[in-house]
Amino acid sequence: MRLSENMATLWEAVAAEQPDQVAVVLGDTEIRWRDLDQRAARLAAGFTAHGVGPGAKVAQLMYNCPEYLESAFAAFKVRASTVNVNYRYLAAEIAHVIGDSDSQVLVFHGAFAAVVAEALATRAESLTGLELLVQVDDGAGIPLLEGAVAYEQLVADHGPAAPISRSGDDELVLYTGGTTGLPKGVVWTHADLFGALAFTGYASLGIDVPETAEDVGRVASRLNAAGTSPVNMTAPPLMHGTALFLAMSTFALGGTVVLLGGRRYDPAELLRLVERERVTQLSIVGDAFARPIVTELERAEAAGTPYDLSSLTRIVSTGATLSATLKRDLMQRATGAAILDMIGASEGGPFAVAMTAPGQDPIDTAQFIATSTTAVFDENTWQLIPAGSGVAGVLASSGPMPVGYYNDPAKSAHTFRTIDGVRYSIPGDYAIVDADGTVHLLGRGSICINTGGEKVYPEEVEVAARSHEGVQDCVAVGVADERFGEMVTLVVALTEAGAVSADEIIGHVKRSIASYKAPRRVVFVDSVYRSPSGKADYRWARTTAEATIRRAESTGT
């Protein structure tokens, strides 16, 4: 039997079973289930008083804060959908997400009052549905934006809303992308999202998935009584799907979500919290998060003040490549931790997994193992490509997945396909599957480089280049070229400026992959720009590469 409930109903059941249990640790702040539930219920009553109800969209433009989770809980309580807004966006991008999602409410930090005002002033025609502005005081003394309601006032003015009947078909919208095009909203039902999260929650703990909300509460209570409920340090910010979804999974298990209190990713703060809170699971997004952690671990060891990682039993990574080298570095310090590396996406998954048990050596970078739901298809014929054929295709997964993209039936039909009676999520990653089930991830087809008629997947080039000890980070892009159509170009940040030449990096890559895939140009930068979620920004990388090449050509250097 499939559990079909709204997340708010599940969280209410957990709160009823363990009201005094810590639900969230945010820096130095602890939030208990009783307080989280009660404040969210008051905010839900405030939403209802302003006409916010089933199907409404509540946009969230905030750094990590208690109000982020409270407002999400409140939205779910009234059967409304949350809409995440990237806090790095400019006014036009913020307006796009709010307008595209038909958001009725915007909850925002005072720090963003100016950019919100700009968005409202310059894109007013597309934001006519925005009826309620709720400003969160972030301690910076920012005056209340004209027309906005103070968050704390909205909470204080209303008594707790009573629980209502809800449905597993209630939806939430997760905005993703923006590195190669405009952000797009992925629509999940609560029931399908719960089913997808069950893999990293119940299944990985060997627990049967509960069938009722009451069972969810009872399982959470049992896990706590046994001392086995997770304490999950989620490194990405809550506005990223990985963080929010893993928080949801942890809540369902009655565990504690630990979040960074600072507004920038700080590996020292992260490791202090892991040590202090006895974190059992660390959730990251690939090398962009892992490398700074390893650097901080090495610094602390050299200073004679190593961090205690003995509480860690699992490190989970999804959304970006986690290299085998960094897996080894982490496991040398967290000796009791397994690493679960997954190919995941906002559109579903996991598409494949790589589990490394304590004491094991990880498989090669960008290699995974197919699951029972993994498939690879020819993107032209949509025929299944047999494992062991050596032929690349688009990676797909069946099982729980989104309804589609918000208000975009054409894109939905392309990504979510029913083939031979089975519905698959096919977000666009390419892969080859060996006869033994090994999945070789090649990267996203939309950023595939066509050079001299050959396809080159950036992920292959990046993995090969990052294996050089002098490369801190890199992104591979195609730059227009008269001879080849596109020229493979690598944008590189070095561990030490000037320590490695372009020729050395190119030669190193050629020892790992075919020569035609190797970069013909290397552009050096101080740091590679990535989103707060750790994902590469290919638009930035291409613009940076093109500008650097133009300058070099104009000066003859």
Side-chain angles (χ1 to χ4, degrees), residues 1-26 29-44 66-80 82 160-168 170 172 188-234 238 243-259 277-281 283:
M1 179 179 173
R2 170 176 172 266
L3 189 151
S4 182
E5 264 297 357
N6 180 296
M7 289 287 179
T9 302
L10 302 183
W11 295 353
E12 287 170 352
V14 173
E17 285 282 347
Q18 48 182 48
D20 295 320
Q21 173 70 17
V22 175
V24 183
V25 174
L26 180 63
T29 301
E30 287 188 349
I31 305 169
R32 299 187 183 276
W33 269 106
R34 176 186 288 108
D35 298 325
L36 179 63
D37 185 34
Q38 284 297 300
R39 282 179 57 84
R42 287 179 175 274
L43 184 60
E67 292 85 356
Y68 201 114
L69 291 167
E70 289 172 1
S71 57
F73 198 174
F76 297 158
K77 280 176 177 287
V78 300
R79 304 184 64 186
T82 52
I164 62 174
S165 177
R166 309 182 185 97
S167 169
D170 293 338
L172 65 88
W188 282 88
T189 68
H190 287 235
D192 283 331
L193 182 56
F194 179 82
L197 295 176
F199 178 86
T200 52
Y202 301 100
S204 63
L205 295 176
I207 300 172
D208 291 336
V209 178
E211 296 183 355
T212 67
E214 292 74 20
D215 285 343
V216 168
R218 283 191 286 268
V219 169
S221 181
R222 285 202 304 270
L223 289 172
N224 264 308
T228 55
S229 56
V231 181
N232 187 351
M233 173 76 234
T234 303
L238 283 167
L244 184 61
F245 286 3
L246 286 172
M248 291 178 175
S249 176
T250 303
F251 280 172
L253 292 165
T256 301
V257 176
V258 182
L259 298 164
E277 300 299 327
R278 304 300 294 163
V279 167
T280 60
Q281 175 173 310
S283 301

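From a predicted model like this one, the values you see are computed outputs, not experimental measurements.
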For the residue pair [X] and [Y], establish whether any side-chain heavy-atom pair is separated by less than 4.5 Å.
{"X": "Asp208", "Y": "Tyr202", "result": "no"}
{"X": "Thr250", "Y": "Thr234", "result": "no"}
{"X": "Leu244", "Y": "Met248", "result": "yes"}
{"X": "Leu253", "Y": "Ser229", "result": "no"}
{"X": "Leu26", "Y": "Pro66", "result": "yes"}
{"X": "Thr256", "Y": "Glu277", "result": "no"}
{"X": "Glu211", "Y": "Leu3", "result": "no"}
{"X": "Thr82", "Y": "Tyr68", "result": "no"}

| query | Can you tell me how far CG of Leu172 sits from CH2 of Trp188, rounded to the nearest 0.5 angstrom? | reply |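 With rounding to 0.5 Å, CH2 (Trp188) is 9.0 Å from CG (Leu172).
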
| query | Distance-only, no hydrogens or angles: does the Asp170 side chain make a donor-acceptor pair with backbone N or O of Ser167 under 3.5 Å? | reply |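 Yes; at least one donor-acceptor contact below 3.5 Å.
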
| query | Is it true that a side-chain atom of Gln18 and a backbone atom of Gly254 form a donor plus acceptor pair closer than 3.5 Å? | reply |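 Indeed, once roles are kept as given, a pair shorter than 3.5 Å links the two residues.
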
| message | My understanding is that only one of Glu214, His190, Arg166, Lys77 makes a side-chain hydrogen bond (donor to acceptor under 3.5 Å, both in side chains) with Thr9; could you say which? | response |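 Exactly one option meets the side-chain hydrogen bond (donor to acceptor under 3.5 Å, both in side chains) with Thr9, and it is Arg166.
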
| What residues, two or more places apart in sequence or in another chain, satisfy side-chain hydrogen bond (donor to acceptor under 3.5 Å, both in side chains) together with Arg218? |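 Once residues adjacent in sequence are excluded, the partners of Arg218 under the side-chain hydrogen bond (donor to acceptor under 3.5 Å, both in side chains) criterion are Asp215.
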
Heavy-atom closest pair, residues [X] and [Y]:
{"X": "Gln38", "Y": "Pro160", "value": "OE1-CG, 3.3 Å"}
{"X": "Asn232", "Y": "Ser283", "value": "OD1-OG, 2.9 Å"}
{"X": "Ala252", "Y": "Phe194", "value": "CB-CE1, 4.2 Å"}

